[in-house]
Amino acid sequence: MRFSKMFITTLKETPADAEAISHILMLRAGYIRQLAAGLYIYLPLGIRVIERINKILREEMNAIGAQEITMPALHPSEVWQETGRWFEIGDEMFRLKDRGGRDMCLGMTHEEIIAWLAAREIRSYRDLPQIWYQIQVKLRDEARPKSGVLRTREFLMKDSYSLDADEEGLERSYQLHAGAYHKIFSRCGLKFYMVESDPGMMGGAKAHEFMAPSPAGEDEIVFCDSCGYAANVELALSVPKKAETKNWVLEEVSTPEKRTVQEVSNFLQLGPEYFIKSILLISEKTPVLALVRGDQELHEKKLIRIIGKHRQAHEEEVKEILGVEAGFIGPMNHKIRIVADVSLKEGVYVSGANKPHYHLKGIRPGRDFTAESHDIHIAKRGDFCAKCNTPLRVEQAIEIGNIFMLGTKYSLPLKAFYLDKGGQGKPIIMGSYGIGPARIAAAAIEQNNDRDGIIWPESIAPFDVELLPLNIKDAKTAEIAEKLYKDLIEAGIEVLIDDRDERAGVKFKDADLIGIPTQIILGEKNLKEGLIEIKDRRTREAVKVIIEEAVEKIKGKINFTHKGRI
RNA sequence: CGGGGCGUAGCGCAGCUUGGUUUAGCGCACCUGCCUUGGGAGCAGGGGGUCGGAGGUUCAAAUCCUCUCGCCCCGACCA
């Protein structure tokens with residue numbers, strides 16, 4: 001491809017709207033343009049990267065026996081009503097009516113459509129297992145699109161779905177996907193982790209996320225370097241540092257106007273780890289008192305899994321239910337359900353006395369109150385691994401893929417059944433698996449860039465090499481550049497030749513910005529000696545080679561295995 | 001949805017507080033010519049905006065007021 005013919009518009013300055021590195025660089029280097037919030041145009045360079053990623057996706061999906069199909073982005077509401085998600089999902093679903101007044105929606109994911117298809121086409125256990133996938137657009141009316149291509153309202157997704165006869169089959173399909181995902185992200189040159197994740201509204205028993213560590217990521221993941229435990233903070237278990245058990249006897253202490261843990265802690269000159277925070281919540285059925293240690297934060301999502309959907313109680317409700325004003329609530333003498341964090345299994349604490357302006361010192365869990373014990377705090381750095389007691393690490397990351405075991409959540413309502421060997425009708429066991437190609441591209445940039453621009457992993461760069469004839473008006477330069485260009489293409493290498501009549505500085509700057517991993521520099525002085533330069537974008541190391549040997553040397557530098565070309 | 005910031009030429013910005021001396025300005029980009037060719041050159045000439053939109057105040061509005069649309073960031077949410 002010729003630079004002069006290709007639509008490449010680089011920007012010298014950082015657009016004011018961009019903050020994330022990948023967003024800034026994709027804009028500046030001419031990969032994308034923004035149409036509206038969360039809606040992006042992919043320019044010629046951008047689509048080349050996406051296509052290369054998609055090629056890897058297809059190869060690895062096909063390798064585990066998955067079959068490509070394509071489903072509509074526009075869905076009738078009925079299938080979504082049958083699984084209930086039409087009603088469960090709120091504003092995030094784009095809804096519309098067709099000319100006949102029928103409710104429709106734009107597909108945010110395709111479990112319903114797959115189950116619909118399976119219900120019609122799968123009849124016997126002999127038809128199973130199946131893995132179907134597509135690389136197609138998803139539409140979600142995100143509350144807050146952000147960080148360029150990292151969170152958008154319309155995005156490409158490789159989504160696959162497994163159909164199995166039983167749980168063992170699902171486990172196999174799940175493992176096949178986990179394996180394929182490892183290969184995909186490795187081939188894309190990403191640093192990533194597979195972590196346990198919350199199945200959330202997708203339903204089902206087990207789920208994992210693939211996370212590319214980056215400060216631009218929206219997720220936090222917790223790691224144990226000793227036993228390998230890795231999980232999203234949304235469900236990560238941890239054991240907070242123990243507080244020394246004091247020799248207190250149970251006594252009331254006066255704490256006038258001191259309501260928050262912070263205030264009482266300062267007032268009594270005691271660390272927050274000696275306090276019990278008591279939070280009254282109203283779940284769908286009943287009030288629940290949640291207890292966490294004063295230095296811990298209550299984790300809403302963990303609690304949802306235990307008591308279901310809930311909200312904080314209003315001030316009046318606190319008085320009505322517990323008979324005391326907020327700020328002086330303690331765990332003792334209540335008749336309602338109490339859920340305490342695991343860190344409160346033992347120790348001795350201070351908490352509200354259930355009496356205005358008084359706290360109780362010397363409270364012992366078990367003796368003074370009883371509660372259900374669950375991990376309901378937010379795991380943080382320095383906490384200990386719940387499995388092996390090693391200090392945990394926390395890292396920010398971009399979610400680049402996820403895998404879910406769904407079970408029968410979709411097959412039952414959509415009547416996707418098959419007949420087993422005994423002629424019995426059984427629901428198909430499903431799994432669903434997603435990867436966002438744009439997030440792979442953005443994560444690759446977040447993980448690989450420098451002051452001058454992008455440094456693409458070879459496998460997903462828009463081109464393998466960029467040819468830089470510095471002075472295109474010099475006849476010899478032009479002639480050698482053209483020959484090299486043709487020879488490289490013939491050798492199966494994808495080349496961008498900067499054939500513009502620009503000064504050397506401009507070409508260098510653009511080449512570094514665009515980030516093609518290998519640069520071939522043709523300067524007049526070197527050419528006179530029969531030499532060209534092969535320069536590595538990442539290390540900036542350059543080697544001079546004899547023109548005649550250039551093609552072989554370049555082929556040697558490019559990692560062909562990475563591209564799956566062998 | 002709550003909080004904050006911002007909309008002036010393709011991009012980055014100044015002007016707005018104290019309305020009129022601005023036919024709205026600067027840098028980059030763009031067009032023409034000369035010159036230059038190893039890290040976003042130089043000189044000369046030139047084109048382009050009516051200040052997000054609507055309404056209002058005023059003799060006079062980019063500047064003041066009201067409404068509205070859009071974008072970014074933090075939070076909530078996130079199948």
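Just so it is clear, the structure is predicted and the values come from calculations on it, not from any experiment.
- For Arg500(A) against G40(B), no side-chain N or O and base N or O form a donor-acceptor pair under 3.5 Å.
- Residue contacts for Ala16(A): at a heavy-atom cut-off of 4.0 Å it reaches the sugar-phosphate backbone alone, with no base atom in range.
- Judged by Watson-Crick or G-U wobble contacts below 3.5 Å, the nucleotide G47(B) has no partner.
- Here the closest heavy-atom approach between residue Ile514(A) and residue Ile454(A) is recorded as O-CB, 4.0 Å.
- Comparing atom distances between the Ala143(A) side chain and each of A76(B), A79(B), C71(B) picks out A76(B) as nearest.
- Ring pair His75(A)/His110(A) is perpendicular by interplanar angle, where above 60° counts as perpendicular and below 30° as parallel.
- In this model, a side-chain donor or acceptor of Asp510(A) finds a partner on the base of G40(B) within 3.5 Å.
- Leu468(A) comes within 4.0 angstrom of nothing in the nucleic acid, heavy atoms only.
- Remark: Arg33(A) fails to qualify as a cation-pi partner of Tyr40(A) under the 6.0 Å distance and 45° angle criteria applied to the six-membered ring.
- Both tests do not hold together for Arg95(A) against Trp80(A): distance to the six-membered ring centre under 6.0 Å, angle to the ring axis within 45°.
- In the interface, the side chain of Lys535(A) is paired with the base of G39(B) through a donor and an acceptor atom under 3.5 Å apart.
- Between the P atom of A76(B) and the CZ atom of Arg311(A) lies a distance of 20 Å, rounded to the nearest Å.
- Using a 4.0 Å heavy-atom distance criterion, Thr477(A) is classed as making no nucleic acid contact.
- At the heavy-atom level, Lys473(A) lies under 4.0 Å from base atoms of the strands shown.
- Residue-level contact check: Thr9(A) touches neither bases nor backbone, having no heavy atom under 4.0 Å from any strand.
- Here Arg28(A) lies in heavy-atom contact (under 4.0 Å) with a base.
- The listed nucleotides are C73(B), C71(B), C11(B); the one nearest the side chain of Gln34(A) is C71(B).
- If you check distances only, the side chain of Glu13(A) does reach the base of G27(B) with a donor-acceptor pair under 3.5 Å.
- Partner of Asp512(A) under the salt bridge (Lys or Arg N to Asp or Glu O under 4.0 Å) criterion, out of Arg540(A), Lys507(A), Arg538(A), Arg451(A): Arg540(A) alone.
- Contacts of Asp474(A) with the nucleic acid, taken as non-hydrogen atoms under 4.0 Å apart, are absent.
- At the heavy-atom level, Asn526(A) lies under 4.0 Å from base atoms of the strands shown.
- The NZ atom of Lys97(A) sits 8.0 Å away from atom OG of Ser77(A), with the distance rounded to the nearest 0.5 Å.
- The residue among Glu533(A) and Glu218(A) whose nearest nucleotide of RNA chain B is located toward the 5' end is Glu533(A).
- Take the nearest nucleotide of RNA chain B for Glu92(A) and for His23(A): the residue whose nucleotide is more 5' is His23(A).
- Nucleic acid contact for Ala18(A): none, since no nucleic acid atom lies under 4.0 Å from a heavy atom of the residue.
- The residue Asp512(A) sits close to a base: some heavy atom pair falls under 4.0 Å.
- At a cut-off of 3.5 angstrom, counting only N and O atoms as typed in the model, there is no donor on one side facing an acceptor on the other between the side-chain of Asn471(A) and the base of G38(B).
- Here the nucleotide nearest the side chain of Ile89(A), chosen from A79(B), G38(B), C72(B), is A79(B).
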